[in-house]
Structure formats: C-alpha cells, structure tokens
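This structure is a prediction, so every number in the text was calculated from the model and none was measured. We're numbering straight along the sequence, starting at 1.
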Amino acid sequence: LDRSSAASDVYKRQIPLFVPFVWVYYAYFPLTFAIHFVTRLRREWLFEALAGYLVLACAGFFFFTMFPSQMPQPSLAACTAIDCRALDVMYRSDQGFNAFPSMHVAYSVYVALFFLDHARKWALVPVLLAVGITVSTLLCKRHFIVDLPVGAALAFAARPVAKRAAKTFARLFRFLR
C-alpha cells in the first residue's frame, strides 16, 4: 500500500514506540502453537485448525502479493536494553515488509476464536494474548492501524470456512489418523 510520508509522520507522533511490548509481540509464537492443546482433544478439530491456518496463509499471500507494503521501522541504535535487542532481531528479520494486513493479528484472533468455540473455559488467556499482540503490533512499530482490523476480519472470515472445510481436510489427510 502507498502510505504517504505525512500519514507516517502522524503515526510516529500519535503512537509511541514502547519497546517492552516486544515480549507481548513474541507471545504470538507460543499462542499459535497453543491451539494444539485443544486439537488433541478431538481429531476433527485438528483438521479445522489446519484448514483455518491454511485459509489465513493463502489470504496473507494474496494481500502481500497484491498490496505490497512496508512499515518504516525506527532506529534502535541508541538503546542497549535487552528489550531493544529483542525488537532489533525482529526488525532485522524482515525489515517491515508485507505489513498489510497484520497476519500476527489474524492468527492470534483465529486462535482466540478457536478456543472460544472449542475450549471456552481456557479461552481467557488466548483472548487476552490476542488483544495484547494486536496492541503490541502498533507499539513495536510493526503495523499501521489499518492493518489490525483487516487482520482480525480475516480471522473472523476464516472461522466458518475452516469449519466447513474440516471434513474435507480430514479425508485428504486421513493418513494422519
């Protein structure tokens, strides 16, 4: 997406860089694996989760191809704290390309929705993590504001598709039984 420098300047002034949120951002990785604790309870849920993850991956690929974008990342050269080093690792890993939409938000919200559907009594932690990860994408300067609701919308759209595709995936991957 073409993000004007004026809009970028407003974003820099209005939303501060808050480096300690990098740890919340990194919670994305265990959260996306946490879905296994639910899918191991019922095999058909594994295929539903797999279908949802695949739908999100295809949607992300489509958006990244059709609407390439980059989030300018601030310099962390003056900061030597461990938080800054952790954020710098992230910045160096992809230089902010393919920011639209936020797939971190999409997958996090998808996992939270999955827990709400299938393991409601444990859903509070994934829901809170999804909210925290969403906020952290802004505070760590990984995404523009518009990237977040689109990522969440993808997750909400992927849930019914995944539910319908679960049986098809079960047939395709019957060798996993």
Assess whether side-chain hydrogen bond (donor to acceptor under 3.5 Å, both in side chains) is satisfied between His143 and Ser102, documenting all intermediate values. CA-CA 7 Å; His143 288 281; Ser102 172; 3.3 Å; yes

Report the C-alpha distance between Ile145 and Leu138 in whole Å, list the side-chain angles of each, state the deciding distance to 0.1 Å, and finish with yes or no for side chain to side chain contact (heavy atoms under 4.5 Å, CB included). CA-CA 7 Å; Ile145 293 171; Leu138 289 175; 3.9 Å; yes

Membership question, hydrophobic clusters at under 4.5 Å side-chain separation (ILVMFWY): are [Y] and [X] in the same one?
| X | Y | value |
| --- | --- | --- |
| Trp122 | Val125 | yes |
| Phe97 | Met71 | no |
| Val109 | Leu148 | yes |

Applying side chain to side chain contact (heavy atoms under 4.5 Å, CB included) to Phe115 and Val127, what does each step give before you reach the verdict? CA-CA 8 Å; Phe115 269 78; Val127 167; over 6 Å; no

Write down the atom of [X], the atom of [Y], and the distance for their closest heavy-atom approach.
| X | Y | answer |
| --- | --- | --- |
| Val146 | Val150 | O-CG2, 3.4 Å |
| Ala130 | Ser108 | CB-O, 3.6 Å |
| Ala112 | Pro126 | CB-O, 3.8 Å |
| Arg85 | Thr80 | NH2-O, 3.2 Å |
| Tyr28 | Tyr107 | OH-CD1, 3.5 Å |
| Ala166 | Phe47 | O-CB, 3.5 Å |

[X] [atom1] to [Y] [atom2] distance, which is reported to the nearest 0.5 Å:
| X | Y | atom1 | atom2 | value |
| --- | --- | --- | --- | --- |
| Leu31 | Leu128 | CG | CG | 11.0 Å |
| Phe156 | Leu113 | CZ | CG | 4.5 Å |
| His104 | Thr137 | NE2 | OG1 | 9.0 Å |
| Glu44 | Lys163 | CD | NZ | 13.0 Å |
| Leu76 | Gln73 | CG | CD | 8.5 Å |
| Thr39 | Leu41 | OG1 | CG | 8.0 Å |

So, are Asp147 and Arg142 salt-bridged, with charged N and O less than 4.0 Å apart?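 Salt bridge absent between Asp147 and Arg142.
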
Using modelled atom types only, decide if a donor and an acceptor are shared between the side chain of [X] and the backbone of [Y] within a distance under 3.5 Å.
| X | Y | answer |
| --- | --- | --- |
| Ser69 | Phe100 | yes |
| Lys141 | Ile15 | yes |
| Ser93 | Met90 | yes |

Checking Arg159 against Phe114: charged group under 6.0 Å from the ring centre and within 45 degrees of the axis? no

Please test Tyr26 against Val89 for side chain to side chain contact (heavy atoms under 4.5 Å, CB included), starting from the C-alpha separation and ending with a verdict. CA-CA 11 Å; Tyr26 276 126; Val89 166; 4.0 Å; yes

Partner residues of Phe61 under the side chain to side chain contact (heavy atoms under 4.5 Å, CB included) criterion, sequence neighbours left out: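 So Phe61 forms a side chain to side chain contact (heavy atoms under 4.5 Å, CB included) with Thr65.
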
